[in-house]
Amino acid sequence: TRDLILTMDALYQLSYRGIQYYGLLYMILQQNANLCESRLSGAIIISDMDIGLYYDPSSPHSWVTSRWLVEAMKQREIYIRWYPFSLSLLYGGGVAEQPHDQASQDRYEAHRVLRVIEAAGLGGANRGDVYTAFGYEYFVKNRAYSDEVIDDVLKELHLERLRDAADSSALDADLNASIREAASLLGDRLNVPMIVFEVGQKRIGYFGPILNAVPNTEASVRLWDSIATLSTTAEFYELVRPLPKPADNTPIAGHSQQS
């Protein structure tokens with residue numbers, strides 16, 4: 001009986017070690033298969049990265065760039081920090097610009113929306129989710145920012161308590177500070193959208209990318225891998241292309257063609 005127990009124990013140990021061995025072998029083979037697939041496709045996978053996005057809610061380019069990042073997030077570990085950039089404060093020299101035409105009106109109403117988004121973020125809400133809700137009304141449903149849109153979005157998000165933030169200048173100092181921070185990274189090319197790669201203790205800012213449409217998920221991931229590789233390469237400085245001819249410059253859907 002004792003010999004039988006020892007034999008069974010030996011078999012158990014051998015079986016257990018065999019499972020461990022084949023499990024380890026499977027992991028190695030799977031990693032090699034993934035590596036081979038990446039090499040064959042020419043892909044350089046950039047994942048597990050923190051980035052910042054400076055945006056203005058009236059900027060169509062900010063909206064498209066943000067949707068591209070959201071698409072890329074479906075297959076890449078990307079954490080986005082949403083940084084406000086009020087074009088109304090920029091054009092107004094630090095105070096909310098007084099509307100004098102349609103473009104300035106759009107910027108002013110977007111500034112009111114930014115106040116609400118920031119108030120929501122300070123209260124614990126996800127800034128990206130709030131911006132998405134407002135952007136969907138503005139760019140997808142083609143509704144100009146207004147009291148009615150603000151009320152509808154806040155009701156949808158159960159944030160009705162923040163309604164007064166739209167008309168309060170209490171957060172304008174924080175919004176101006178965000179613009180100054182962007183300027184420290186981008187210098188005199190200050191504009192939105194602006195993405196910031198946060199690599200260790202270093203922050204690398206770029207204007208763009210400017211897209212005329214949101215790529216599908218596969219294309220978004222390829223674009224992300226390419227831009228992230230370029231942008232985090234120490235020797236890379238700039239990539240510029242000629243402006244398109246007016247006939248080829250199809251405007252992005254939205255209320256304003258400003259950046």
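All residue numbers in this chain count up from 1 along the given sequence.
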Test salt bridge (Lys or Arg N to Asp or Glu O under 4.0 Å) applied to E181 and R203, step by step = CA-CA 11 Å; E181 179 67 20; R203 304 183 73 213; 2.6 Å; yes
How far apart are the C-alpha atoms of I204 and S231, what are their side-chain angles, what is the distance that settles it, and do they pass the side-chain contact (heavy atoms from CB on, under 4.5 Å) test?
-> CA-CA 8 Å; I204 309 168; S231 301; 5.6 Å; no
Under the side-chain contact (heavy atoms from CB on, under 4.5 Å) criterion, do L69 and I51 qualify, and how do the steps go?
-> CA-CA 10 Å; L69 288 171; I51 67 166; 3.6 Å; yes
Test L185 against M194 for side-chain contact (heavy atoms from CB on, under 4.5 Å), laying out the working first.
-> CA-CA 10 Å; L185 294 168; M194 172 182 168; 3.4 Å; yes
Would W68 and I227 count as a side-chain contact (heavy atoms from CB on, under 4.5 Å) if you check the C-alpha gap in whole Å, the side-chain angles of each, and the deciding distance to 0.1 Å?
-> CA-CA 12 Å; W68 156 62; I227 289 179; 4.0 Å; yes
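Side-chain contact of T217 with E71: a donor-acceptor pair under 3.5 Å is present, judged by distance alone. With no hydrogens or angles considered, no side-chain donor-acceptor pair links S220 and R67 at under 3.5 Å. Using modelled atom types and a 3.5 Å distance limit, the side chains of Q105 and D101 yield no donor-acceptor pair.
L230 and I78 fall within the same hydrophobic cluster, where Ile, Leu, Val, Met, Phe, Trp and Tyr residues are linked whenever their side-chain heavy atoms come under 4.5 Å apart, directly or through other members. Both Y136 and V64 sit in one connected hydrophobic cluster of ILVMFWY residues. Membership requires side-chain heavy atoms under 4.5 Å apart, directly or through other members. Hydrophobic clustering, with ILVMFWY side chains joined whenever heavy atoms are under 4.5 angstrom apart, keeps V70 apart from L211. Taking hydrophobic clusters as Ile, Leu, Val, Met, Phe, Trp and Tyr residues chained together by side-chain heavy-atom distances below 4.5 Å, I117 shares a cluster with L53. No single ILVMFWY cluster, assembled from side-chain heavy atoms under 4.5 Å apart, contains both Y79 and M73.
Note that CD1 of I80 and CG of N126 are 9.5 Å apart. Values are rounded to the nearest 0.5 Å. With values rounded to the nearest 0.5 angstrom, N191 atom CG is found 8.0 Å from L90 atom CG. With rounding to the nearest 0.5 Å, the separation of CD in E109 from OG in S146 is 7.0 Å.
Under the side chain to side chain donor-acceptor pair (under 3.5 Å) criterion, E148 pairs with no residue, sequence neighbours left out. Take A219 and apply the side chain to side chain contact (heavy atoms under 4.5 Å, CB included) test, not counting sequence neighbours, and it matches P215, N216, R222.
Screening W82, Y54, Y83 for a ring-ring contact (aromatic ring centres under 6.0 Å, His included) involving Y131 leaves a single residue, W82.
Here the closest non-hydrogen pair linking W224 and A72 is CB-CB, 3.9 Å.
Taking 4.5 Å as the limit, some side-chain heavy atom of Y91 sits within range of a side-chain heavy atom of E97. Contact check for R127 versus E118: side-chain heavy atoms found under the 4.5 Å cut-off. The side-chain heavy atoms of P193 and I210, taken from C-beta on, include a pair separated by under 4.5 Å. In this structure, V214 and W63 have side chains that are not in contact, with every pair of non-hydrogen atoms separated by 4.5 Å or more. For the pair L162/L159, a side-chain contact is recorded, criterion being any heavy-atom separation below 4.5 Å from C-beta on. Put simply, the side chain of V192 reaches to within 4.5 Å of the side chain of L87, judged on heavy atoms.
Y145 and Y138 have parallel rings, their planes meeting at less than 30° on a 0 to 90° scale where 60° marks the start of perpendicular. Below 30°, between 30° and 60°, or above 60°: for F197 and Y206 the angle between ring planes is above 60°, a perpendicular geometry.
With hydrogens and angles disregarded, a donor-acceptor distance shorter than 3.5 Å links the side chain of T65 to the backbone of P209.
Using a 4.0 Å cut-off between charged side-chain N and carboxylate O, D56 and R107 make no salt bridge.
Screening residues 153-162 for side chain to side chain donor-acceptor pair (under 3.5 Å) gives no qualifying pairs among residues at least two apart or on separate chains. Evaluation of the ring pair (Phe, Tyr, Trp, His ring centres under 6.0 Å) test over residues 161-191, restricted to residues two or more places apart or in two chains, returns none.
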List the atom pairs, with distances to 0.1 Å, where a side-chain N or O of residues 167-179 and a protein N or O form a donor-acceptor pair under 3.5 Å, not counting sequence neighbours.
residue: D167; atom: OD1; partner: R112; partner atom: NE; Å: 3.0
residue: D167; atom: OD1; partner: R112; partner atom: NH2; Å: 2.9
residue: D167; atom: OD2; partner: R112; partner atom: NH2; Å: 3.3
residue: S168; atom: OG; partner: A170; partner atom: N; Å: 3.2
residue: D172; atom: OD1; partner: H111; partner atom: NE2; Å: 3.2
residue: D172; atom: OD1; partner: R115; partner atom: NE; Å: 3.0
residue: D172; atom: OD2; partner: R115; partner atom: NH2; Å: 2.8
residue: N176; atom: ND2; partner: G94; partner atom: O; Å: 2.8
residue: N176; atom: ND2; partner: D172; partner atom: O; Å: 3.3
residue: S178; atom: OG; partner: P84; partner atom: O; Å: 2.6

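Ring centroid separation for the pair Y55 and F85 does not come in under the 6.0 Å cut-off.
Counting Ile, Leu, Val, Met, Phe, Trp and Tyr side chains that sit under 4.5 Å apart, directly or through other members, V221 stands alone, with no cluster partners.
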